[in-house]
Each structure stands twice: as C-alpha cells, then as structure tokens.
Amino acid sequence: MTTWQNILKKSITTPDRLSGLPRAESIRLAEVCRTYPMRINPYYLELIQKTGRPLWRQAVPDMLELSDTAGVEDPLDEENLSPVPNLVHKYPDRVLFLVCSECAVYCRFCTRKRKVGRPEMVISDTTIDQGLAYIRKTPAVREVLLSGGDPLLLSDHRLERILAALAAIPTVETVRIGTRVPCTLPMRITPELVTVLRKYHPLYINTHFNHPAELTPEAKQACALLADSGIPMGNQTVLLKGVNDEPGIMQELFLGLLRFRVKPYYLFQADLTRGTDHFRTPIATGLAIMRSLIGRISGMAVPTFALDAPGGGGKIPLTPDYITSQDNDCLKFVNYQGKTCVYPDCGIG
Ligand SMILES: *Cc1c(COP(=O)(O)O)cnc(C)c1O
Ligand code: SF4
C-alpha cells in the first residue's frame, strides 16, 4: 500500500476524535455524521489545527446541517438529468461522469452531500460501463468531466481503465478531471499517477482550493507535478460564509493559485443544497468581491463568478455592472477605479 492510502486510512470519521471539542458537543455532532458522513485525513486535520476557523468550518460537522429547511436535496436536478446512473447530461456537448463515491475530506458544503460518501452512491464496474456506453452512443458529447466524489481517490489502475476507454471513443475530444485532492491530500499526486495521466492528453484538471491557508508546500509540489506533465490546471472556489467571504482573502487565494500555475476558473455562489444554508452569502457579497478584484490584480487571477441555476438550468455568470447608462448616443460606464467613462457608440443596432 502506498503512502497516500495509509494517510487516508488514518482519517478521523467521528467528532470525538477532534481535540478541543467538549464531550457533549461531540455527542451532538455524532448525530450529524449519521446523516452526512465525516472524514478528515491527518494532512488536512493538521492544517485545520494550524489555521482554525476557515478550515474547521469546511470539514467539521455543524448542528446547523440538520436544521436547514431552506435547501433541497438535489438543487441542480442532477438525478433527473441522468440518462444512466451517475452520469449527468445537462449541456449538449459535455457530460459529468461520477466515477468515485469517496473524497479525501467530506466538505460540509458539498453540493452532492445527498450522496457523496454515503451508501446510496453506488459506483461499480457496471455503472462505469453504463456511463461509457452512453458516451459511446452519444457523439454530441465532446468533453467528459470526471467527478464524484473524487476521481483521484481511485487507484491508478482503475483510473487508467476509464481514461483508456474514453481515449478509444473518437467523438470525445477532451477529458477534464475535477478533484480536490491537490488541496486536501496532495501526497496522492505521485510520479506514478502523473505517468498515467500524461498519456491521455488533452487532459485538464480542475481543482478546488477555498482558502490561502490551503496553499501549502505540499499542495505546491502536487500542482507542480501536474503542471510539469503538461496538464493545464484550473480552480473552482466556492464562496463560503466564515471561510472566504472577504476580498482580501480571495485576492490572496487567487494570486497564490496563479503562482502554483493554477488558473482561477470559477467562483461559485453556494448551491441551495439542504444542510448548507449556514454557508450561503448574498449574491451581493460575491459581486463586491469581483469588483474588488477586476482591474486591480492580473486578469489571469480573476475567475468567473457564477451560480448554478436551481433545477438544472446551467451556470449563470454574474458580473458586476460596469455600464451606468446606454442610449442612442453613447454608452456610459465606470472603470475599475469608479471613474466615469464614455464610449461614443450607438446603443442600438
Ligand atoms: C458545471 C458542469 C459542467 C461544466 O460546465 P463548464 O461551464 O464547461 O465548466 C458540465 N456538466 C454539468 C452537469 C455541470 O454541472
Ligand atoms: S471534494 Fe468535492 S465532491 Fe468531495 S465532499 Fe468536497 S465538494 Fe463534495
């Protein structure tokens, strides 16, 4: 067994293993874990102990998960958009293929907390083969996004079986892996893994960092291995109350990612998932953060702020409004400094 598998095996899965938590509190939180599983591996646990609240909130259960009445189980209507189990076909030319039910840490804000890490999420050779068969017979699908759970918790061998099968489908042009492992278990990115991955270009990886404290030397090494293998990397951040809902934190995170050769891709408004209401910020918070970034730091470090429309409508970009008026004579707008500018263009036609 390799090191990362040993580390994962030593994960804590019950609140009584958290140091510093009163016994009564840990008994109450154990109830949350019976509904939504907990897993914190030793690497991320140490980071939590160093950093405190922003990382604690991401990984440690909270009683509020059970009292949320605002959210819905499947806000993006993924189950209804699945022609076969664990494959979501929402956009015509790309599919989301769930190939692993486990993660290195179970994030409390997970959009798929209805199933990730729970016995309901059954992924087997049969579901993988059904997904591959669907992609084979649906030539409109140009891109396959591997997700879960976390695809990089599969063994190298199982992952390669999927990548090789996709490579053999001529209508699939690109593959994207969505993984939080570079952030939550960076030692999983081994030289052996990248030897497998680099055989399957064009392959993209989108990772998921939420806070600058997650940008550790270990994470840097993981991203360097991937980037050196020619894998273009993007990052998806979820905007989370009490974790990263401040302009200064976001700026530090996005500039840090750029130094890791990871391009900030999306900043997501938290989905309306049941059990995550305590993380949700008003849309205005995200727009204010975007305004604080645009023009002030490298455009390379600025992601698209988006919400995933409830009911499966797809991702909607949310951009602060820079246009202040538009009529037949001209367009008036403000620049990043708040200065009014005029562009002498007819608004209509
Ligand atoms: C987010 C998502 C995609 C990918 O969308 P991009 O805008 O290309 O990143 C594809 N399918 C589903 C179901 C998704 O949720
Ligand atoms: S890593 Fe992703 S899929 Fe897994 S629990 Fe976190 S948000 Fe959910």
Side-chain angles (χ1 to χ4, degrees), residues 54 70-71 75-77 90-94 109 111 142-143 176 204 206-212 215 232-273 276-277 279-349:
L76 309 180
D77 210 21
K90 173 152 72 180
Y91 298 107
D93 76 336
R94 50 215 195 276
F109 52 84
T111 291
R142 258 195 290 256
E143 181 179 355
R176 191 191 322 175
Y204 288 72
N206 265 2
T207 184
H208 175 174
F209 287 85
N210 287 331
H211 192 277
L215 300 171
M233 295 184 67
N235 183 75
Q236 305 187 170
T237 293
V238 185
L239 179 52
L240 300 165
K241 194 193 287 175
V243 174
N244 58 13
D245 55 340
E246 283 171 41
I249 291 175
M250 286 298 195
Q251 176 168 328
E252 198 184 332
L253 172 64
F254 296 147
L255 288 174
L257 283 165
L258 215 51
R259 288 196 300 274
F260 278 20
R261 287 186 276 170
V262 178
K263 163 90 185 75
Y265 173 57
Y266 275 132
L267 169 63
F268 284 122
Q269 171 70 10
D271 289 325
L272 297 162
T273 309
T276 67
D277 192 48
F279 284 112
R280 208 158 302 118
T281 50
I283 300 280
T285 303
L287 289 174
I289 287 170
M290 291 307 290
R291 210 182 269 282
S292 78
L293 300 173
I294 292 170
R296 291 171 200 275
I297 60 169
S298 166
M300 293 274 291
V302 180
T304 299
F305 178 41
L307 71 77
D308 221 330
K315 287 163 183 89
I316 313 291
L318 302 167
T319 310
D321 205 359
Y322 287 89
I323 297 175
T324 51
S325 74
Q326 187 170 19
D327 57 36
N328 285 337
D329 299 323
C330 69
L331 182 70
K332 281 193 187 149
F333 53 89
V334 287
N335 77 352
Y336 71 97
Q337 295 157 310
K339 220 170 76 185
T340 297
C341 310
V342 177
Y343 189 80
D345 185 27
C346 294
I348 301 142

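Because the structure is a prediction, the values reported are computed rather than measured.
- Under the rule for a side-chain hydrogen bond (donor to acceptor under 3.5 Å, both in side chains), T281 has no partner lying at least two apart in sequence or in another chain.
- For residues 291-339, no pair satisfies ring pair (Phe, Tyr, Trp, His ring centres under 6.0 Å), with sequence neighbours left out.
- Minimum heavy-atom separation, P264 to A301: CG-O, 3.5 Å.
- Without hydrogens or angle criteria, D271 side chain to T273 main chain gives no donor-acceptor distance under 3.5 Å.
- For A284, the side chain to side chain contact (heavy atoms under 4.5 Å, CB included) test picks out no residue, with sequence neighbours left out.
- Taking S325 as the reference, K332 meet the side chain to side chain contact (heavy atoms under 4.5 Å, CB included) condition, with sequence neighbours excluded.
- The salt bridge (charged side-chain N to carboxylate O under 4.0 Å, His left out) search around R94 returns none, not counting sequence neighbours.
- A donor-acceptor pair under 3.5 Å is absent between the side-chain atoms of R176 and the main chain of E143, judged by distance alone.
- Atom CG in L307 sits 11.0 Å away from atom CG in L267 (nearest 0.5 Å).
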Return a table of donor-acceptor pairs under 3.5 angstrom between the side chains of residues 254-263 and protein atoms on other chains or two or more places apart.
from, atom 1, to, atom 2, distance (Å)
R261, NH1, D228, OD1, 3.0
R261, NH2, D228, OD1, 3.0
K263, NZ, M300, O, 3.0

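- Rounded to the nearest 0.5 Å, atoms CG (N235) and CG (L253) are 6.5 Å apart.
- For D77, the side chain to side chain contact (heavy atoms under 4.5 Å, CB included) test picks out N80, with sequence neighbours left out.
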Can you give the donor-acceptor pairs under 3.5 Å from side chains of residues 239-246 to other protein atoms, not counting sequence neighbours?
from, atom 1, to, atom 2, distance (Å)
N244, OD1, L240, N, 2.7
N244, ND2, N210, O, 3.0
N244, ND2, V238, O, 2.9
D245, OD1, G242, N, 3.2

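- Minimum interatomic distance between G234 and N206 (heavy atoms only, all atoms of both residues): CA-OD1, 3.1 Å.
- Minimum interatomic distance between A309 and L76 (heavy atoms only, all atoms of both residues): O-CD2, 3.8 Å.
- Judged as a salt bridge (Lys or Arg N to Asp or Glu O under 4.0 Å), the pairs with a partner in residues 296-312 (not counting sequence neighbours) are, in order, K90-D308, D308-K315.
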Run the side chain to side chain contact (heavy atoms under 4.5 Å, CB included) check on V334 and K339 step by step: do they pass?
CA-CA 5 Å; V334 287; K339 220 170 76 185; over 6 Å; no

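- Not a single ring-ring contact (aromatic ring centres under 6.0 Å, His included) links Y204 to another residue, sequence neighbours left out.
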Side chains of residues 286-295: which donor-acceptor pairs under 3.5 Å do they make with residues two or more places apart or in other chains?
from, atom 1, to, atom 2, distance (Å)
R291, NH2, D321, O, 3.0
S292, OG, I289, O, 2.6

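- Under the ring-ring contact (aromatic ring centres under 6.0 Å, His included) criterion, H211 pairs with no residue, sequence neighbours left out.
- Here the OG1-CZ distance, from T237 to F209, works out to 9.5 Å after rounding to the nearest 0.5 Å.
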Determine whether L331 and V342 satisfy the following criterion, side chain to side chain contact (heavy atoms under 4.5 Å, CB included), listing intermediate values before the conclusion.
CA-CA 6 Å; L331 182 70; V342 177; over 6 Å; no

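- Distance check, rounded to the nearest 0.5 Å: OG1 of T304 to OH of Y266 gives 6.5 Å.
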